[in-house]
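Read the structure below first, then the notes.
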Amino acid sequence: MSKEPDRLFAQPLAQVPDFAFNEDVVRVFPDMIKRSVPGYPTIVENLGVLAAQFAQPNSVLYDLGSSLGAVTQALRRHVRTDGCRVIAVDNSAAMVERCREYLNGQDSMFQELLPVEVIEGDILALTFQPASVVALNFTLQFIAPDQRTALLSRIRQSLLPGGALILSEKLRFNDVEEHALLTDLHVAFKRANGYSELEIAQKRSAIENVMKPDSLEEHRERLLAAGFSKVVPWFQCLNFASLIALP
Ligand SMILES: Nc1ncnc2c1ncn2[C@@H]1O[C@H](C[S@+](CC[C@H]([NH3+])C(=O)[O-])CC(=O)[O-])[C@@H](O)[C@H]1O
Ligand SMILES: O=C(O)C(=O)Cc1ccccc1
């Protein structure tokens with residue numbers, strides 16, 4: 001994995017462009033996501049552990065918005081169920097190219113890993129195969145809000161009995177004080193990870209038009225509206241959380 005440190009927002013920018021998953025981001029992405037998302041390594045590793053409980057024989061496990069394939073690699077470390085295969089999907093060509101390289105690296109180091117296919121494509125245009133596990137690890141927040149219910153409904157329709165959707169997201173909070181406190185604590189987390197005030201401020205304006213977090217209540221209601229029967233939060237660290245949604 002690339003060890004290049006994230007300095008993308010370190011210099012003052014005359015105008016901060018909207019955040020995009022381009023080659024510059026790909027180069028620093030492992031460092032960026034670890035220093036920006038509290039609990040990220042714990043979520044990714046345990047997503048593999050959870051997935052192993054829901055994986056059904058001869059089914060597909062989806063990693064939607066796979067970026068560099070961290071979740072796919074965790075699925076392949078933990079899931080031993082017969083006949084499973086992983087489909088990773090991302091619409092960033094730069095991410096997909098590097099993701100394929102990393103997965104080839106994993107293949108060369110370990111034997112008997114689940115087969116994996118990496119698709120460059122829009123998850124909104126994807127035809128889902130019957131699946132036992134669908135991971136949306138910090139991806140739904142980048143989907144246009146008015147498209148989210150339809151996407152979750154299609155995922156729900158593709159899920160096999162005994163399967164699960166695992167949804168990780170940055171949260172906003174309806175309670176003003178709770179929102180302010182957890183936002184401040186997230187800034188403290190970033191500062192503690194070496195980001196300057198300028199980096200934090202410029203990153204905030206880069207993502208504000210492209211990443212729209214929902215509250216836990218909105219997620220729960222939307223998942224139920226999409227046909228899921230049960231929503232169980234299994235992890236929260238500051239304003240980042242992960243939920244299990246059962247068909
Ligand atoms: N419509 C779309 N179709 C396909 N991909 C998309 C779409 N919109 C955004 N993406 C992709 O979703 C990913 C979101 S990052 C996921 C981290 C990863 N899951 C991880 O566990 O490391 C989250 C973050 O950076 O905060 C990017 O790679 C986008 O290209
Ligand atoms: O950096 C942030 O403030 C975030 O909310 C997380 C994030 C991580 C990586 C890309 C975009 C957003």
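Ligands are counted one by one from 1 in listed order, and the atoms in each one are counted from 1 as well. For reference, positions follow the sequence shown, starting with 1.
In terms of polar-atom proximity, defined here as any N/O pair under 3.5 Å, Leu64 makes no such contact with ligand 1. Ligand 2 has an N or O atom lying under 3.5 Å from an N or O atom of Lys170, backbone or side chain. Between Asp63 and ligand 1, not a single N/O pair is under 3.5 Å apart. The shortest N/O to N/O separation between Tyr40 and ligand 1 falls below 3.5 Å.
Of all the listed residues (Leu126, Val25, Asn91), Asn91 holds the heavy atom that lies closest to atom 4 (C) of ligand 1. Relative to atom 15 (S) of ligand 1, the option among Ala94, Ala88, Ala144, Ser67 with the closest non-hydrogen atom is Ser67. Closest to atom 19 (N) of ligand 1 by heavy atom, among Cys99, Pro30, Gly65, is Gly65. Comparing Val37, Leu124, Val210, Ile123 by heavy-atom distance to atom 3 (N) of ligand 1, the nearest is Ile123. The option with the heavy atom closest to atom 21 (O) of ligand 1, from among Thr139, Asn137, Val44, is Asn137.
Taking the side chain as every heavy atom from C-beta outward, His78 and Leu47 never approach each other to under 4.5 Å.
The His186 neighbourhood of ligand 2 comprises atoms 2 (C), 3 (O), with distances under 4.0 Å to a heavy atom of that residue. Heavy-atom contacts of Val71 reach the following atoms of ligand 1: 21 (O) (cutoff under 4.0 Å). Residue contact check: Gly121 has heavy atoms under 4.0 Å from atoms 3 (N), 4 (C) of ligand 1. Listed by atom number, the atoms of ligand 2 under 4.0 Å from Ile207 heavy atoms are 2 (C), 3 (O), 5 (O). Residue Met211 has at least one heavy-atom neighbour below 4.0 Å for each of these atoms of ligand 2: 5 (O), 12 (C). Per-residue contacts place Asp122 under 4.0 angstrom from the following atoms of ligand 1 (heavy atoms of the residue considered): 1 (N), 2 (C), 3 (N). Here is the list of ligand 1 atoms found below 4.0 Å of a heavy atom in Ser92: 30 (O).
One finds no salt bridge joining Arg98 and Glu23 here, because no Lys/Arg side-chain nitrogen approaches an Asp/Glu carboxylate oxygen to under 4.0 Å. By the 4.0 Å N-to-carboxylate-O rule, Arg172 lies too far from Asp214 to be salt-bridged with it. Between Arg80 and Glu112 there is no salt bridge, since none of the side-chain N atoms of the basic residue sits less than 4.0 Å from a carboxylate O of the acidic one. Between Arg27 and Asp24 a salt bridge is recorded (basic side-chain N to carboxylate O distance below 4.0 Å).
Of the possible donor and acceptor atoms, none in the side chain of Arg85 sits under 3.5 Å from a partner among the backbone N and O of Val60. Put simply, the side chain of Gln56 never gets that close to the backbone of Ser132: no donor and acceptor are under 3.5 Å apart. No donor-acceptor pair closer than 3.5 Å links the side chain of Glu169 to the backbone N or O of Ala241. In this structure, the side chain of Asp90 engages the main chain of Ser67 through a donor-acceptor pair within 3.5 Å. A donor-acceptor pair under 3.5 Å is formed between the side chain of Asp175 and the backbone N or O of Glu178. Between the side chain of Arg220 and the backbone N or O of Val231 there is at least one donor-acceptor pair closer than 3.5 Å. Formation of a donor-acceptor pair under 3.5 Å by the Arg76 side chain with backbone atoms of Pro115 is not found in this model. Judged purely by atom type and a 3.5 angstrom limit, Glu97 has no side-chain atom pairing as donor or acceptor with the backbone of Ala94.
Contact annotation: Ile33 has no heavy atom less than 4.0 Å from any atom of ligand 2. Using a 4.0 angstrom heavy-atom cutoff, Lys170 does not count as in contact with ligand 1. At least one heavy atom of Phe240 sits less than 4.0 Å from an atom of ligand 2. Residue contacts with ligand 2 include Lys190, since one or more of its heavy atoms lies under 4.0 Å from the ligand.
Within the 4.0 Å heavy-atom criterion, the part of Ile143 lying near ligand 1 is the side chain and not the backbone. Counting heavy atoms closer than 4.0 Å to ligand 1, residue Gln141 contributes side-chain atoms (C-beta onward) but none from N, CA, C or O. Heavy atoms from both the backbone and the side chain of Phe138 come within less than 4.0 Å of ligand 1. Heavy atoms of Phe19 found under 4.0 angstrom from ligand 2 belong exclusively to the side chain. With a 4.0 Å cut-off on non-hydrogen atoms, Lys203 touches ligand 2 through its side chain and not its backbone.
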Decide yes or no on side-chain hydrogen bond (donor to acceptor under 3.5 Å, both in side chains) for Asp6 and Tyr195, but give the supporting numbers first. CA-CA 9 Å; Asp6 169 24; Tyr195 284 122; 2.6 Å; yes

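Side-chain contact, Asp122 with Asn91: no donor N or O sits under 3.5 Å from an acceptor N or O. Gln141 and Arg148 share no side-chain donor-acceptor pair at under 3.5 Å.
Of all protein heavy atoms, the one lying nearest to atom 6 (C) of ligand 2 is Val37 CG2, 3.9 Å. Nearest protein heavy-atom contact of atom 26 (O) of ligand 1 is Phe142 CE1, 3.5 Å. Protein heavy atom nearest atom 30 (O) of ligand 1, with residue, atom name and distance: Asp90 OD1, 2.6 Å.
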